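Structure first, commentary second.
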There are 2 protein chains.
Amino acid sequence: MRHTKKLTLEEIGARVGVSRSTVSRVLNHHPDVAPDVRARVEAVVEETGFQPNQAARALVSQKTGLIGLVMLTEMHELFGDPYYSALVAGIDQGCAEHGLIFSMFPVQSAEGRPDLLSRQFAQGFVDGVIVTAGPFSDPLIEVLRDRGTNMVVIGHPRDTSGLRRIDVDNRTGSELAATHLIERGRQRVGFIGPTSDYHYGAERIDGYRGALTAAGRTVDDRLICLDYPSVDGGHRAAQQLLVHGPDAIHVATDTMAVGVYEALNERGLRIPDDVAVVGFDGFTRAAELAPPLTTVVQPVEEVGRRAVELLAEASTEPREIILPVNLHIRASA
Amino acid sequence: MRHTKKLTLEEIGARVGVSRSTVSRVLNHHPDVAPDVRARVEAVVEETGFQPNQAARALVSQKTGLIGLVMLTEMHELFGDPYYSALVAGIDQGCAEHGLIFSMFPVQSAEGRPDLLSRQFAQGFVDGVIVTAGPFSDPLIEVLRDRGTNMVVIGHPRDTSGLRRIDVDNRTGSELAATHLIERGRQRVGFIGPTSDYHYGAERIDGYRGALTAAGRTVDDRLICLDYPSVDGGHRAAQQLLVHGPDAIHVATDTMAVGVYEALNERGLRIPDDVAVVGFDGFTRAAELAPPLTTVVQPVEEVGRRAVELLAEASTEPREIILPVNLHIRASA
DNA sequence: TTGAAAGCGCTAACAT
DNA sequence: ATGTTAGCGCTTTCAA
């Protein structure tokens with residue numbers, strides 16, 4: 001048997017013998033409240049377990065304290081991916097720092113229920129939304145941009161105009177990777193990366209090309225193999241690439257590198273003796289491979305933290321933040 | 001250059017030349033609106049990209065259409081775990097069926113920010129919340145239960161009284177597993193499972209004990225080894241158990257079974273010849289092990305779907321739904 | 001079929 | 001230091 005009357009500020013006030021304004025002041029830690037009144041109000045609030053209605057609060061204050069992260073990704077991809085794990089951890093941290101509540105909206109497919117999707121980010125629902133760039137999120141990003149939604153995009157969408165965006169320096173990263181392989185004396189340096197609908201892949205190819213060109217080499221397009229950014233994709237791409245006899249490979253994602261290792265092992269090719277490998281991402285798994293993978297480490301958690309920071313800022317001006325990456329040299333190259 | 005005035009029902013109505021009530025009716029697909037009026041309103045809504053304010057809607061209708069899933073789990077555990085992947089997929093499906101929006105609240109630590117935690121599930125924020133049972137969620141579950149929050153618990157918390165709860169038949173599952181091993185003629189059947197703060201583990205031990213007893217055997221407690229429900233935990237527990245020379249092991253989670261396989265391989269013990277193994281969970285990875293793992297399959301996605309169903313129901317009476325599990329026989333036993 | 005009016009529960013400016 | 005009042009933007013009777 002619990003309380004009979006619906007709890008509101010008014011009701012709490014009635015029980016204490018003060019007005020709802022006073023209760024509101026107590027709840028919001030307003031200074032101008034008599035200590036004894038404050039104590040009595042707090043006692044009743046405690047005793048009743050009263051929680052102010054969030055919808056009413058949001059309506060009047062025009063803010064919810066909620067940050068949404070939208071991920072247009074298959075659930076099993078989402079959960080298998082160390083990138084999201086780190087990103088979410090970073091966003092969570094950022095939210096904690098800014099006193100915001102973090103909520104993830106995993107969306108199996110944008111096509112599926114566009115009505116819900118747009119409702120989710122209507123006014124009064126979240127204070128801001130973080131969207132990760134990817135082949136399926138481009139339309140959503142454009143809609144939200146045009147609607148003036150408070151949004152930060154992580155990564156590189158097709159159209160970056162008019163966005164607040166945060167990304168890592170993909171081009172330089174792959175340039176570092178390829179340069180490292182060249183400097184180690186490798187002659188036939190190949191590239192394995194995601195298909196072109198993943199825009200970061202294009203940037204990484206650019207870096208790879210740039211490094212070769214800078215070293216006075218010509219780019220052999222047959223040494224560039226693209227596939228889905230999964231272990232299997234890396235495996236397939238490697239099988240294709242190995243036909244052309246590379247003595248080094250820059251793999252544009254660590255996950256694909258796992259597949260590349262598999263393909264190399266199957267052929268009996270030694271790493272790095274026969275084929276040197278440099279990855280990109282810096283996932284934990286890269287260090288656990290045999291041999292440990294030399295890779296370009298990107299600060300994923302920081303990306304998440306900074307995204308929240310950007311969202312929390314007053315300014316809503318278009319802006320790009322590009323974070324630097326680092327080459328971690330291990331045994332594979 | 002976009003619209004100058006803030007868009008509200010009132011403003012849309014003004015532009016069309018009708019009252020805000022009429023606009024509301026159009027938006028909510030109310031039947032009694034003249035076709036031409038409806039068309040004109042829809043045109044302006046479309047043209048302006050107007051979205052009704054969700055906070056205002058929630059305030060008056062007392063519902064948000066939002067279902068929250070709270071997971072008191074470390075981020076990297078969460079993302080590595082196929083259980084959550086399947087569960088979230090099921091919940092997402094359930095929400096889609098009921099026209100609800102699904103939102104996940106990953107909470108790194110309950111201790112960290114109790115104020116936020118409780119604010120998250122205050123009135124007017126979500127229509128209902130799903131909480132997964134686990135060692136850290138017991139306090140939260142009790143608070144929400146006492147507050148009368150619309151909640152469904154997945155799994156087995158410490159105190160199940162007064163809850164709407166959905167779970168799988170852990171006891172019977174482990175009974176099936178152990179019985180299978182006994183029927184295959186195994187003499188020393190061990191048990192490896194999570195530490196006792198994971199309550200489902202206790203149920204699975206019960207099933208294991210029950211099977212031995214039913215077969216007229218005595219339970220040797222030295223053959224029961226508990227550790228964290230991770231690959232490493234399984235590995236450690238197996239090392240400990242192997243000292244006592246089991247010829248079969250029921251591992252209470254597939255994830256731990258991966259670690260058990262490792263330990264067995266290290267000792268040069270063959271599966272199932274030297275030691276037969278039966279897992280529990282039915283994750284994809286179980287089928288991919290060498291040899292493929294015989295395991296008790298639980299319907300995780302269905303658990304998620306049914307949880308939403310339960311939440312969407314009118315009744316808020318305490319209730320328990322226990323779903324059946326199945327033994328999938330493969331090569332490991 | 002439509003509009004006017006009340007009110008959801010809260011915050012904040014204004015009075016006292 | 002506290003109460004009164006006016007909305008926030010919407011849904012929903014109730015009249016017309």
Side-chain angles (χ1 to χ4, degrees), chain A residues 3 5-42 44-45 48-66 119 121-127 147-148, chain B residues 3 5-42 44-45 48-66 119 121-127 147-148:
Chain A
H3 25 263
K5 200 160 182 180
K6 186 194 289 183
L7 289 176
T8 65
L9 285 192
E10 195 78 47
E11 170 64 14
I12 299 288
R15 296 196 190 188
V16 179
V18 296
S19 76
R20 69 149 160 276
S21 310
T22 300
V23 181
S24 173
R25 289 186 188 105
V26 171
L27 256 34
N28 294 304
H29 305 101
H30 226 84
D32 296 338
V33 180
D36 60 314
V37 173
R38 175 181 302 267
R40 273 156 48 218
V41 170
E42 280 171 346
V44 174
V45 167
T48 54
F50 171 71
Q51 295 281 128
N53 183 299
Q54 295 301 314
R57 251 188 186 177
L59 178 56
V60 59
S61 66
Q62 305 286 24
K63 55 204 334 253
T64 60
L66 239 193
R119 204 174 100 209
F121 305 105
Q123 285 184 49
F125 212 94
V126 292
D127 289 347
R147 191 185 285 162
Chain B
H3 27 262
K5 199 161 185 179
K6 185 194 291 183
L7 288 177
T8 64
L9 286 192
E10 195 78 47
E11 170 64 15
I12 299 289
R15 297 196 190 187
V16 179
V18 296
S19 76
R20 67 150 158 275
S21 312
T22 300
V23 180
S24 173
R25 289 186 188 107
V26 171
L27 255 34
N28 295 302
H29 306 100
H30 226 83
D32 296 338
V33 179
D36 61 315
V37 174
R38 175 180 303 267
R40 271 155 50 217
V41 170
E42 280 170 345
V44 173
V45 166
T48 54
F50 171 71
Q51 296 280 128
N53 182 300
Q54 295 301 314
R57 246 184 190 183
L59 178 57
V60 60
S61 66
Q62 306 284 26
K63 51 203 340 251
T64 60
L66 238 194
R119 204 174 101 210
F121 305 105
Q123 285 184 50
F125 212 97
V126 292
D127 289 346
R147 192 184 283 161

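The figures here come from the full heavy-atom set of this structure, side chains too, leaving out hydrogens, waters and symmetry mates. As the structure is a prediction and not an experimental result, all values here were calculated from the model. Letters A, B, ... are given to chains in the order of the sequence lines, protein chains preceding strands, and every chain is numbered from 1.
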**Asked** Under the side chain to side chain contact (heavy atoms under 4.5 Å, CB included) test, which residues partner B:Ser61, sequence neighbours left out?
**Response** B:Lys63
**Request:** Taking all heavy atoms of B:Arg38 and all of B:His30, pick out the closest pair and write down the distance.
**Result:** NH2-O, 2.6 Å
**Message:** Between B:Gln62 and A:Asn53, does the side-chain contact (heavy atoms from CB on, under 4.5 Å) criterion hold? Intermediate values first, please.
**Reply:** CA-CA 10 Å; B:Gln62 306 284 26; A:Asn53 183 299; 4.2 Å; yes
**Prompt:** Quick one: on DNA chain C, does B:Val60 or B:Val18 contact a more 5' nucleotide (nearest heavy atom)?
**Reply:** B:Val18
**Item:** Minimum heavy-atom distance B:Phe125-A:Leu66, with the two atoms named
**Value:** CZ-CG, 3.6 Å
**Prompt:** Which pair of heavy atoms, one from B:Leu27 and one from B:Arg57, lies closest together, and at what distance?
**Reply:** CB-NH2, 4.4 Å
**Complete:** By side chain to side chain contact (heavy atoms under 4.5 Å, CB included), B:Val37 pairs with (sequence neighbours left out) B:Val18, B:Thr22, B:Val33, B:Ala34, B:Arg40, B:Val41
**Item:** Comparing A:Arg20 and B:Leu9 on DNA chain D - which has the more 5′ nearest nucleotide
**Value:** A:Arg20
**Message:** Please find the pair of heavy atoms, one from A:Leu59 and one from B:Ala55, that lie closest to each other, and give the distance.
**Reply:** N-CB, 3.8 Å
**Item:** Step-by-step side-chain contact (heavy atoms from CB on, under 4.5 Å) determination, B:Val23 to B:Val44
**Value:** CA-CA 10 Å; B:Val23 180; B:Val44 173; over 6 Å; no
**Message:** For the CG atom of A:Asp32 and the CZ atom of A:Arg25, what is their distance to the nearest 0.5 Å?
**Reply:** 8.0 Å
**Prompt:** At under 4.0 Å between heavy atoms, what does B:Thr22 touch on the DNA or RNA strands: base, sugar-phosphate, or nothing?
**Reply:** sugar-phosphate
**Prompt:** Starting at the 5' end of DNA chain D and moving along, which residue's nearest nucleotide shows up first, B:Arg25 or B:Ala56?
**Reply:** B:Ala56
**Request:** Give one of base, sugar-phosphate or nothing for A:Ser61, where a contact means two heavy atoms less than 4.0 Å apart.
**Result:** nothing
**Item:** Strand contacts (DNA chain D) in residues 28-38 of chain A, 4.0 angstrom heavy-atom criterion
**Value:** A:Asp32, A:Val33, A:Ala34, A:Val37
**Asked** Under the side-chain hydrogen bond (donor to acceptor under 3.5 Å, both in side chains) test, which residues partner A:Glu10, sequence neighbours left out?
**Response** A:Arg20
**Item:** Results of side-chain hydrogen bond (donor to acceptor under 3.5 Å, both in side chains) for B:Ser24 - residues two or more places apart only
**Value:** B:Asn28
**Request:** May I have the step-by-step check of side-chain contact (heavy atoms from CB on, under 4.5 Å) for B:Arg15 and B:Thr48, ending in yes or no?
**Result:** CA-CA 11 Å; B:Arg15 297 196 190 187; B:Thr48 54; 3.5 Å; yes
**Request:** Go through A:Glu42 and A:Val26 one step at a time and tell me if the side-chain contact (heavy atoms from CB on, under 4.5 Å) criterion holds.
**Result:** CA-CA 7 Å; A:Glu42 280 171 346; A:Val26 171; 3.8 Å; yes
**Request:** Scan B:Glu10 against the nucleic acid and name what it touches under 4.0 Å (heavy atoms): base, sugar-phosphate only, or nothing.
**Result:** nothing
**Fill in**
Counted 5' to 3', the first and last nucleotides of DNA chain D within 4.0 Å (strictly under) of a heavy-atom of chain A are D:dA1 to D:dG9
**Prompt:** Quick one: bend of the helix from C:dT1-D:dA16 to C:dT16-D:dA1 from 5 pairs per end, to 10°?
**Reply:** 40°
**Request:** Extract, from 5' to 3' on DNA chain C, the first and final nucleotides lying under 4.0 angstrom from some heavy atom of chain A.
**Result:** C:dG9 to C:dA13
